[in-house]
Amino acid sequence: GQQVMQIPQYQHVQEGEDFTTYCNSSTTLSNIQWYKQRPGGHPVFLIQLVKSGEVKKQKRLTFQFGEAKKNSSLHITATQTTDVGTYFCAGRAGTYKYIFGTGTRLKVLA
Amino acid sequence: SQTIHQWPATLVQPVGSPLSLECTVEGTSNPNLYWYRQAAGRGLQLLFYSVGIGQISSEVPQNLSASRPQDRQFILSSKKLLLSDSGFYLCAWSVRGSGNTIYFGEGSWLTVV
C-alpha cells in the first residue's frame, strides 16, 4: 500500500538554529498537507500544497512540494521554543482519505 | 463554527474487555469522518473512514470496528481489547469532498492492562 515516510524521526536543535523535515511518498500525490502536533495535543492543520514545485511561506515556515509531487519539505528558520512538537505531512490516497507520514519530533533547546 | 467532540478523554481497560469511543461533529453536515490511532511516540495510522451514514471503510484488519449511526456521529468499538490496542485514538472530520483540511478531536488515551 501507499507509504509516506518522513525524515528525520527526531531532531534536537538549539533555539535560533534552522530545522528541516522531509516527506517522501511511494506514489505521486495529488496534494500534500502539513500538520503540527504539540506535546499531549492533537494535530492541527498548517498548510496544503497542490501544484508541482509549489512553495508557500508562513512567517518562519517554508513549505515546498517537489516537482514530481512525490516529496515535500518543511523548513523552519531560526527556531523558537514554541516550535516544539511533531510535524506530520499527509498525502491524499484516493478520493477521501489521507495517509499521514511517520512524523518528525522537534525539540528546541533554549 | 464547527466543533468536534470525542470522549472519553482517557480510559484504562483490562485485556478482553469491550471498548466504545464516541465522536460527534457539530456545525456541519455530511462530513467525512475518520478514526486514527497513534501509538506512543509514533505516527498516525488511519483505521477507518466514512463518507456517509452506514458507510465504513476499514484500512487495517484488526479487532476494532467502526459505525456511523447518524450523520455526525462516529463510534469506534471492540468486543475484546488486546494489549496492542493501547494508544492515542483520534477522531477527525473533513468537509465532504476531496482535498480538504482534516480537523482532529482532542483524542482519547486508551491503556489496556
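Just so it is clear: chains get the letters A, B, ... in the order the sequence lines come, proteins before strands, and each one is counted from 1. Because the structure is a prediction, the values reported are computed rather than measured.
The hydrophobic cluster containing A/F19 also contains A/L46, counting ILVMFWY residues as joined when their side-chain heavy atoms lie under 4.5 angstrom apart, directly or transitively. The cluster map of Ile, Leu, Val, Met, Phe, Trp and Tyr, joined by side-chain heavy atoms under 4.5 Å apart, puts B/Y89 and B/I75 in different clusters. Cluster annotation: B/F88 is not connected to B/V113 through the hydrophobic network of ILVMFWY side chains, with a link wherever side-chain heavy atoms come within less than 4.5 Å. A/V4 and A/Y22 are members of different hydrophobic clusters when ILVMFWY side chains are connected at heavy-atom separations under 4.5 Å. A/V13 and A/L61 end up in the same hydrophobic cluster when Ile, Leu, Val, Met, Phe, Trp and Tyr side chains are linked at under 4.5 Å.
Only the side chain of A/Q37 comes within less than 4.5 Å of a heavy atom in chain B; its backbone stays farther off. Looking at B/L46, only its side chain comes within 4.5 Å of chain A, counting heavy atoms on both sides. For B/Y103, no part lies near chain A; criterion is any non-hydrogen pair under 4.5 Å.
A/Q6 places no side-chain N or O within 3.5 Å of a backbone atom of B/G43 that could act as its donor or acceptor partner.
A/H42 contributes atom NE2, which lies 12.0 Å from atom CD of B/Q38 (distance to the nearest 0.5 angstrom). Rounded to the nearest 0.5 Å, atoms CG (B/L90) and CZ (A/F100) are 9.0 Å apart. If you take OH on A/Y35 and OG1 on B/T101, they are separated by 5.5 Å, rounding to the nearest 0.5 Å. In this structure, CZ on B/F104 lies 11.5 Å from CZ on A/F45, to the nearest 0.5 angstrom.
A/Q3 CD: 12 or fewer foreign heavy atoms inside a 6.0 Å radius.
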Does the side chain to side chain contact (heavy atoms under 4.5 Å, CB included) test come out yes or no for B/Y36 and A/Y98, once each step is laid out?
CA-CA 11 Å; B/Y36 284 87; A/Y98 278 81; 4.1 Å; yes
